[in-house]
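Heads up: the structure comes next, in structure tokens.
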Amino acid sequence: MKFPVVLLTGFEPYGGRGLNPSAEVVRRLDGLTIDGFRIVGRTLPVTFRGLADRLIGLLTELEPVAVVSLGLWPGEPLVRLERVAFNLAAFEIPDNEGVLIEDTPIREEAATGVPARLPLRAIEQALLDAGIPARLSTTAGTFLCNATMYTFLTETQRRFGEIPCGFVHLPYLPEQVAEILRISKEERRLELHQRADLASMSLDLLVKAVRIILAETLRVSAGARH
């Protein structure tokens with residue numbers, strides 16, 4: 001029996017980090033079936049070159065009925081549900097190919113902003129009801145997360161119409177913060193109270209959160225179809 005596909009994406013590690021929680025969550029959930037939908041997880045390289053072609057290739061290959069993308073927001077203490085993607089790439093650090101892009105549109109002569117098509121308020125409430133800290137956010141940044149969100153939103157609408165599509169930022173894993181603390185203690189360059197990137201959430205809790213996000217997305221979208 002062939003189940004309709006929900007595409008779930010994350011990113012490989014970047015910025016000198018050895019882990020990316022989004023990739024770890026995707027690895028855990030790949031192949032899962034939720035309410036008759038098959039979750040297909042894919043990890044994306046943190047490179048701007050070829051990004052659009054990679055994302056379009058996934059849509060062509062899988063023809064998903066929904067797309068949820070994940071990324072890391074260092075220092076965020078909770079699950080962050082992104083409202084909108086902007087047509088702007090402006091990197092603060094290079095991507096994994098060493099490319100640093102400044103003030104460049106993701107797509108020429110395209111919309112400035114595109115709203116997410118996930119039931120964000122319902123997802124937020126479901127996460128809070130499950131005891132998982134979460135909030136809505138009005139910026140996905142201007143790095144690869146935002147570029148992925150913008151490309152998926154515009155391409156899914158062009159190909160499949162108003163299917164659910166959006167982006168979620170995740171906190172560090174505890175072991176990543178432990179490594180930051182270890183390095184800070186060794187280097188003695190910055191007092192800990194000056195750091196704003198020490199929040200974390202366990203992988204098990206992040207997996208639970210994303211399962212709720214997927215289930216709520218499918219529940220609300222199924223209700224809308226009927």
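Along the sequence shown, residues are numbered consecutively beginning with 1. Note that the structure is a prediction, hence the values are computed from the model and not measured.
- Between G131 and P133, the shortest heavy-atom distance links the atoms O-CD, 3.7 Å.
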*Yes or no on salt bridge (charged side-chain N to carboxylate O under 4.0 Å, His left out) for R107 and E155, after CA distance, side-chain angles and deciding distance?*
CA-CA 11 Å; R107 291 201 166 177; E155 277 298 317; 2.7 Å; yes

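- Minimum heavy-atom separation, E76 to A199: O-CB, 3.8 Å.
- A donor-acceptor contact closer than 3.5 angstrom is absent between the side chains of R27 and T43.
- Of the N and O atoms on the side chains of R54 and T47, at least one donor lies less than 3.5 Å from an acceptor on the other residue.
- Proximity of a side-chain donor or acceptor of D95 to a complementary backbone N or O of F48 within less than 3.5 Å is detected.
- Each of R80, H169, R83 was scored for a side chain to side chain donor-acceptor pair (under 3.5 Å) with S137, with one residue passing: R80.
- Salt bridge present: R28 and D204 bring a charged side-chain N and a carboxylate O closer than 4.0 Å.
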*T148 and S69: side-chain hydrogen bond (donor to acceptor under 3.5 Å, both in side chains), yes or no, with the steps?*
CA-CA 8 Å; T148 295; S69 297; over 6 Å; no

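- Rounded to the nearest 0.5 angstrom, R17 CZ and E12 CD are separated by 12.5 Å.
- Here CZ of F11 is found 5.0 Å from CG of L44. Values are rounded to the nearest 0.5 Å.
- A heavy-atom distance below 4.5 Å is not found between the side chains of E82 and C145.
- No donor-acceptor pair under 3.5 Å is formed between the side chain of T104 and the backbone N or O of I101.
- Atoms CG and OG1, on L70 and T9 in that order, are 6.5 Å from each other to the nearest 0.5 Å.
- Expressed to the nearest 0.5 Å, how far OH of Y150 lies from CG of L55 amounts to 13.5 Å.
- By the rule that hydrophobic residues join a cluster once side-chain heavy atoms approach within less than 4.5 Å of another member, L173 and W73 end up as members of separate clusters.
- Using a 4.5 Å heavy-atom threshold, the side chains of L72 and P171 count as separate.
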*asked:* Please evaluate residues I39 and L7 with respect to the criterion side chain to side chain contact (heavy atoms under 4.5 Å, CB included), reporting the C-alpha separation (whole Å), side-chain torsions for both, the decisive distance (0.1 Å), and the verdict.
replied: CA-CA 6 Å; I39 309 303; L7 174 59; over 6 Å; no

*asked:* Could you walk me through whether V5 and V65 satisfy the side chain to side chain contact (heavy atoms under 4.5 Å, CB included) test, starting with their C-alpha distance in whole Å, then the side-chain angles of each, then the deciding distance to 0.1 Å, before giving a yes or no?
replied: CA-CA 6 Å; V5 167; V65 298; over 6 Å; no

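- Note on R135 versus E124: no salt bridge recorded, every NZ/NE/NH1/NH2 to OD/OE distance being 4.0 Å or above.
- Salt bridge R42/E61: present, at least one basic N to carboxylate O contact under 4.0 Å.
- With hydrogens and angles left out, the side-chain atoms of N20 and E24 include no donor and acceptor closer than 3.5 Å.
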*side chain to side chain contact (heavy atoms under 4.5 Å, CB included) evaluation trace for F86 with N146*: CA-CA 7 Å; F86 290 102; N146 175 71; 4.2 Å; yes

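- Between V79 and M201 the shortest side-chain heavy-atom distance falls below 4.5 Å.
- Rounded to the nearest 0.5 Å, atoms CG (L170) and CG (L78) are 10.5 Å apart.
- In this structure, SG on C165 lies 4.0 Å from CG on L153, to the nearest 0.5 angstrom.
- Closest of all the heavy-atom pairs between I106 and A89 is CG1-N, 4.2 Å.
- Under the 6.0 Å cut-off for aromatic ring centres, F91 and F143 qualify, their centroids lying closer than that.
- Taking every heavy atom of both residues into account, L120 and L136 meet most closely at O-CD1, 3.9 Å.
- At least one donor-acceptor pair closer than 3.5 Å links the side chain of T142 to the backbone N or O of A90.
- Residues S202 and P174 share a closest heavy-atom pair of CA-CD, 3.8 Å.
- The two residues A134 and L127 make their nearest non-hydrogen contact at CB-CD1, 3.6 Å.
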